Amino acid sequence: MEKIVIITGANSGLGFNTATKIAKNSKDFHLILACRNSQKGQEACKQIIEETGNNNVDFLQLDTSSLKSVRNFVEEYKTKYNKPIYALLCNAGISGVGLGKKELSEDGFDIIFATNHLGHFLLTNLLLPFMDKQGKIIATASDMHNPPLKEGETFEWLGTEAIAHPDETMATNPIRYSYSKLCNVYFVYELAEKLKEQKNTVTVNAFNPGLMKTHLMPGMDESIYNFIKTNMPERYGDLENSSSALAELVSSNDIIYTSGHFYDRSIRPCYTSALSYNKENAEELWKKSEEYTKEKI
């Protein structure tokens, strides 16, 4: 039985390694690599097919920073496939490392907020009608939703508007990545509640791969990775281990039964920060996201 798995940001790093492991697990899995760069996406398809012998690997263009691109992707999926989706992995993301100036998406939102949260918010909700009754939605979040701070500093919710349309000071602040990851967690927790209310059997959960040596952090010095690995092992991630865990969460039928969990670099769930359980913040983010995307979910 064919099982369609859509992975955003699947041409490198966690997405690529996870896709490869899922494709290798069984030829029943039909992988759709949803990537911004067409050439890299097609090359990734070819490589996965060659490595796994699974010919059911396709590419569809998707830039999660663009709401138009998200809608085009969904329409293309309807036209080409129009089949139940076994798993949707909302994995694409940018860290903001190297962004020394204010950068907005084509829709006028902060580029990190748009790429990491808003595009996936729209994508998930537009694809919900296509999800298999036992389908899985997994968002790549991060322990950076609760960033390490200097003594005396606090990490508080600023409100969605301040994150989506940052002022000149916030527009270049690296903390925007942490806010986008907090948005991922809020989204998962809020969607889990809504699916439960609707008696929808699709599950939605978050996954933390840890800080890994991937293209997410371009130009990061090797000494920083080594420092974190030695002094903050709870935040360090290994690409091989994390991609294996994520692939297992997707492939296995006896790990995920319920929604609203945060899996930490493994198939074991853990608690998130106190701030991430603030229901009012999650509801506010959801309502503003509906407003921004002009989609009432």
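The structure displayed is predicted, hence computed values, not measured ones. When reading the values below, keep in mind they use all heavy atoms of this one structure, side chains included, and skip hydrogens, waters and symmetry mates.
- In the model, Ser243 has a side-chain atom that pairs as donor or acceptor with a side-chain atom of Lys21 under 3.5 Å.
- Atom CD1 of residue Ile137 and atom CG of residue Leu88 lie 6.0 Å apart, to the nearest 0.5 angstrom.
- Ile6 has its side chain out of reach of Leu89: every pair of non-hydrogen atoms, C-beta onward, lies at least 4.5 Å apart.
- Rounding to the nearest 0.5 Å places CD of Glu295 at 9.5 Å from CG of Leu67.
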**Prompt:** Do Ile85 and Asp132 pass the side-chain contact (heavy atoms from CB on, under 4.5 Å) test, and can you show the C-alpha distance, the side-chain angles, and the key distance before you say yes or no?
**Reply:** CA-CA 5 Å; Ile85 299 168; Asp132 183 271; over 6 Å; no
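- We find that Arg176 and Glu103 are not joined by a salt bridge, their nearest charged nitrogen and carboxylate oxygen being 4.0 Å or further apart.
- In this structure, Thr64 contributes its side chain and His120 its backbone to no donor-acceptor pair below 3.5 Å.
- Judged purely by atom type and a 3.5 angstrom limit, Asn205 uses its side chain to pair as donor or acceptor with the backbone of Thr258.
- Between Lys83 and Glu2, at least one side-chain nitrogen of the basic residue sits less than 4.0 Å from a carboxylate oxygen of the acidic one, meeting the salt-bridge criterion.
- The number of heavy atoms from other shown groups lying within 6.0 Å of NZ (Lys40) does not exceed 12.
- Looking only at distances, no side-chain donor or acceptor of Ser69 sits under 3.5 Å from a matching main-chain atom of Leu62.
- Rounding to the nearest 0.5 angstrom, the gap separating the OG atom in Ser244 from the CG atom in Asn17 is 8.5 Å.
- Comment: Glu51 does not engage Lys24 in a salt bridge, judged by the lack of any side-chain N to carboxylate O separation of less than 4.0 angstrom.
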**Request:** Show your reasoning for whether side-chain contact (heavy atoms from CB on, under 4.5 Å) applies to Asn11 and Asn37.
**Result:** CA-CA 8 Å; Asn11 62 276; Asn37 186 298; 5.6 Å; no
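- Atom CZ of Arg71 is surrounded by more than 12 heavy atoms from other residues, nucleotides or ligands within 6.0 Å.
- No hydrogens or angles considered: a donor-acceptor pair under 3.5 Å links the side chains of Glu284 and Trp157.
- In this structure, Asp28 contributes its side chain and Lys3 its backbone to no donor-acceptor pair below 3.5 Å.
- Using a 3.5 Å distance cut-off with no hydrogens or angles, the side chains of Ser276 and Tyr186 do not pair a donor with an acceptor.
- Residues that satisfy the salt bridge (Lys or Arg N to Asp or Glu O under 4.0 Å) test with Glu153, not counting sequence neighbours, are absent from this structure.
- With respect to the salt-bridge test (charged N to carboxylate O, under 4.0 angstrom), the residues Glu75 and Lys78 qualify.
- The shortest heavy-atom contact between Tyr86 and Ser252 is OH-O, 4.2 Å.
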**Request:** Decide ring pair (Phe, Tyr, Trp, His ring centres under 6.0 Å) for Tyr277 and Tyr189; before the verdict, give the C-alpha distance in whole Å, the side-chain angles of both, and the deciding distance to 0.1 Å.
**Result:** CA-CA 8 Å; Tyr277 293 110; Tyr189 289 169; 5.4 Å; yes
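- A donor-acceptor pair under 3.5 Å is formed between the side chain of Ser266 and the backbone N or O of Arg268.
- Between Val185 and Val188, the closest side-chain pair of non-hydrogen atoms is not below 4.5 Å.
- No more than 12 heavy atoms of other residues, nucleotides or ligands lie within 6.0 Å of CD in Gln39, so this atom counts as exposed by the packing criterion.
- Across all non-hydrogen atoms, the minimal contact from Ser95 to Ile112 is O-CD1, 3.8 Å.
- Under 3.5 Å, the side chains of Gln61 and Ser38 contain no donor-acceptor pair of N or O atoms.
- The two residues Phe59 and Gly41 have their closest heavy-atom pair at CD1-CA, 3.6 Å.
- In this structure, the separation between CG on Leu191 and CG on Leu128 is 6.0 Å, given to the nearest 0.5 Å.
- Residues Leu182 and Phe155 have side chains in contact (heavy-atom distance under 4.5 Å, counting atoms from C-beta outward).
- The aromatic ring centres of Phe109 and His165 sit less than 6.0 Å apart.
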**salt bridge (Lys or Arg N to Asp or Glu O under 4.0 Å) evaluation trace for Glu168 with Lys102** = CA-CA 7 Å; Glu168 293 302 318; Lys102 184 175 184 178; 3.4 Å; yes
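- To the nearest 0.5 Å, atom CD1 of residue Ile138 and atom CZ of residue Phe207 are 8.5 Å apart.
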**Message:** Go through it in stages, so that I can follow the logic: the residues are Tyr77 and Ile32, the test is side-chain contact (heavy atoms from CB on, under 4.5 Å), and I'd like the CA-CA distance, side-chain angles, deciding distance and then a yes or no.
**Reply:** CA-CA 10 Å; Tyr77 180 80; Ile32 296 178; 3.7 Å; yes
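- Lys181 contributes no side-chain N or O that, together with a main-chain N or O of Ser142, makes up a donor-acceptor pair within less than 3.5 Å.
- Once rounded to the nearest 0.5 Å, the distance linking CG of Leu33 with CD of Gln47 reads 11.0 Å.
- Between Glu291 and Lys288, at least one side-chain N (NZ, or NE/NH1/NH2) sits under 4.0 Å from a carboxylate O, which counts as a salt bridge.
- Sorted by first and then second residue, the ring pair (Phe, Tyr, Trp, His ring centres under 6.0 Å) pairs with a member in residues 250-276 read His145-Phe262; sequence neighbours excluded.
- Put simply, the side chain of Phe121 does not reach to within 4.5 Å of the side chain of Leu285, judged on heavy atoms.
- With sequence neighbours left out, Asn56 forms a side chain to side chain contact (heavy atoms under 4.5 Å, CB included) with His30, Asn54.
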**Message:** Thr115 vs Ser105, test: side-chain contact (heavy atoms from CB on, under 4.5 Å). Steps then yes/no.
**Reply:** CA-CA 8 Å; Thr115 304; Ser105 71; over 6 Å; no
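- When hydrophobic clusters are built by joining Ile, Leu, Val, Met, Phe, Trp and Tyr residues whose side-chain heavy atoms come closer than 4.5 Å, directly or via intermediates, Phe113 is not grouped with Leu104.
- Using modelled atom types and a 3.5 Å distance limit, the side chains of Ser180 and Asn116 yield a donor-acceptor pair.
- For the pair Phe187 and Thr124, the minimum side-chain heavy-atom distance is below 4.5 Å.
- Side-chain polar atoms of Asn91 and Thr140 form a donor-acceptor pair below 3.5 angstrom.
- The shortest distance between side-chain heavy atoms of Met170 and Ile175 falls below 4.5 Å.
- The two residues Ala23 and Ile48 make their nearest non-hydrogen contact at CB-CG2, 3.8 Å.
- For the residue pair Glu106 and Ser66, the shortest heavy atom distance occurs at OE2-OG, 2.6 Å.
- Between Leu31 and Asp58, the closest side-chain pair of non-hydrogen atoms is not below 4.5 Å.
- The 12-atom threshold is exceeded at NZ of Lys279, counting heavy atoms of other residues, nucleotides or ligands nearer than 6.0 Å.
- The shortest distance between side-chain heavy atoms of Thr272 and Asp143 does not fall below 4.5 Å.
- Looking at Ser259, its side chain never comes within 3.5 Å of a backbone N or O of Ala192 through a donor-acceptor pair.
- The two residues Tyr292 and Glu161 have their closest heavy-atom pair at OH-OE1, 2.5 Å.
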